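Predicted, not measured: the structure shown is a model, and the values here were computed from it. What's counted below: heavy atoms across the whole structure, side chains too, no hydrogens, waters or symmetry copies.
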Amino acid sequence: MFTGIISAIGDVRQRDGGRFTLASSYDPASIALGASIACDGVCLTVTSVAPDTHGAASGSVFTVDVSNETLSKTTLGSWAPGRRVNLERALAARDELGGHIVTGHVDGLASIVDIRPDGTSRRFTFEVPEHLARYIAPKGSVALDGTSLTVNEVMGDRFGTNLIPHTLTATTWERKKPGDQINLEVDLIARYVARLLEFRP
């Protein structure tokens with residue numbers, strides 16, 4: 001379980017099919033084998049970890065194995081060395097729930113349609129597949145590349161969000177551009193409410 005509050009930016013160091021090696025600022029001693037780390041919003045299992053001898057003194061490199069299903073349904077299929085990735089450690093029982101409940105199970109891809117300045121912030125407009133648009137509501141929550149964001153407005157299969165300066169600089173969002181594909185996880189509660197309504201007499 002995650003909150004959508006990004007705690008580090010990682011770099012893809014190597015890729016071998018579905019096996020990825022990522023570098024991060026996380027202390028390697030704090031990462032257990034089998035730990036869950038959300039990478040651009042995708043919950044992945046750490047299969048090995050070691051100190052990063054080519055980066056920060058306290059940093060780490062870790063590997064994750066990704067299934068063909070995940071590669072085909074997320075942006076991970078296009079990942080290559082050099083890509084920057086939003087990272088979040090799994091939520092501990094004592095941690096503050098600062099964003100919203102995020103599972104790390106990506107529902108599909110959103111496309112950035114437009115980016116425009118709004119004071120010191122930036123307003124992003126996204127387009128989503130029709131079957132996912134029904135789960136997105138104004139002032140509701142979405143996780144985009146693992147980042148918990150509030151929906152400003154919804155227009156059919158498009159919706160908008162506002163990213164403040166801190167979010168832009170503490171994540172990979174500052175480098176995003178129109179046309180980019182983004183991992184989308186809809187709000188867990190919205191998904192289950194919609195499912196329950198399907199069986200309403």
Side-chain angles (χ1 to χ4, degrees), residues 1-107 109-110 112 142-149 163-177 180-185 188:
M1 196 70 69
F2 306 92
T3 68
I5 304 300
I6 304 304
S7 55
I9 297 176
D11 294 285
V12 177
R13 286 279 177 85
Q14 297 178 13
R15 176 178 180 179
D16 181 11
R19 175 164 292 178
F20 294 84
T21 300
L22 295 98
S24 79
S25 59
Y26 296 142
D27 182 348
S30 72
I31 304 175
L33 290 182
S36 295
I37 297 179
C39 303
D40 267 2
V42 183
C43 178
L44 299 174
T45 300
V46 174
T47 56
S48 71
V49 61
D52 183 6
T53 58
H54 300 289
S58 61
S60 60
V61 290
F62 62 91
T63 59
V64 293
D65 291 322
V66 182
S67 70
N68 287 333
E69 171 73 8
T70 300
L71 291 174
S72 68
K73 295 295 192 298
T74 68
T75 61
L76 275 69
S78 64
W79 282 12
R83 182 185 177 98
R84 289 164 57 83
V85 177
N86 291 324
L87 300 178
E88 182 187 356
R89 306 287 295 273
L91 181 67
R94 65 182 181 278
D95 290 343
E96 177 182 351
L97 184 60
H100 71 284
I101 297 173
V102 176
T103 64
H105 302 159
V106 169
D107 293 294
L109 297 177
I112 299 176
V142 290
L144 294 166
D145 271 0
T147 312
S148 175
L149 296 171
L163 275 75
I164 62 173
H166 172 77
T167 303
L168 291 169
T169 57
T171 68
T172 62
W173 281 98
E174 194 167 38
R175 300 187 178 190
K176 300 296 186 186
K177 59 188 184 302
D180 284 351
Q181 298 286 294
I182 306 296
N183 291 322
L184 165 68
E185 181 183 332
L188 183 68

Looking at [X] and [Y], what are the two nearest heavy atoms and their distance?
| X | Y | answer |
| --- | --- | --- |
| Thr172 | Lys176 | OG1-CE, 3.7 Å |
| Asp180 | Arg175 | OD2-O, 4.4 Å |
| Thr63 | Ser48 | OG1-OG, 2.6 Å |
| Leu76 | Phe20 | O-CZ, 3.6 Å |
| Leu71 | Gly18 | CD1-CA, 4.2 Å |

Exercise. By side-chain hydrogen bond (donor to acceptor under 3.5 Å, both in side chains), which residues pair with Thr45, not counting sequence neighbours?
Worked result: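 Result, side-chain hydrogen bond (donor to acceptor under 3.5 Å, both in side chains) vs Thr45: none returned.
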For this session: Taking Asp40 for its side chain and Asn86 for its backbone only, find out whether a donor-acceptor pair lies under 3.5 Å.
Result: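 Yes, because the side chain of Asp40 sits within donor-acceptor range (under 3.5 Å) of the backbone of Asn86.
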For this session: Indicate yes or no for a side-chain donor-acceptor contact from Glu185 to the backbone of Val102 under 3.5 Å, with no hydrogens or angles considered.
Result: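 Not confirmed, Glu185 side chain does not pair with Val102 backbone.
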If you measure from [atom1] on [X] to [atom2] on [Y], what distance do you get to the nearest 0.5 Å?
| X | Y | atom1 | atom2 | result |
| --- | --- | --- | --- | --- |
| Ile6 | Thr147 | CD1 | OG1 | 4.0 Å |
| Glu174 | Leu163 | CD | CG | 10.5 Å |
| Thr21 | Arg15 | OG1 | CZ | 12.0 Å |
| Leu22 | Ile37 | CG | CD1 | 8.5 Å |
| Cys43 | Glu88 | SG | CD | 10.0 Å |
| Leu184 | Leu144 | CG | CG | 5.5 Å |

Exercise. Side chains of Leu87 and Tyr26: does their closest heavy-atom pair fall under 4.5 Å?
Worked result: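 A side-chain contact exists here, since the closest heavy-atom pair is under 4.5 Å.
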Problem set entry | Flag side-chain contact, heavy atom, 4.5 Å: Val85 against Trp79 |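 The answer is yes; the side chains approach within 4.5 Å.
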Exercise. Under 3.5 Å, is there a donor-acceptor pair between the Thr47 and Arg19 side chains?
Worked result: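 Side chains of Thr47 and Arg19: no pair found under 3.5 Å.
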Exercise. Does a side chain donor of either Ser24 or Ser60 reach within less than 3.5 Å of an acceptor in the other side chain?
Worked result: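 Short answer, yes.
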Problem set entry | Evaluation steps, side-chain contact (heavy atoms from CB on, under 4.5 Å), between Leu44 and Phe62 | CA-CA 11 Å; Leu44 299 174; Phe62 62 91; over 6 Å; no
Exercise. Pick from Leu109, Ile112, Asp145: which one makes a side-chain contact (heavy atoms from CB on, under 4.5 Å) with Gln181?
Worked result: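 By the side-chain contact (heavy atoms from CB on, under 4.5 Å) criterion, Gln181 pairs with just one of Leu109, Ile112, Asp145: Leu109.
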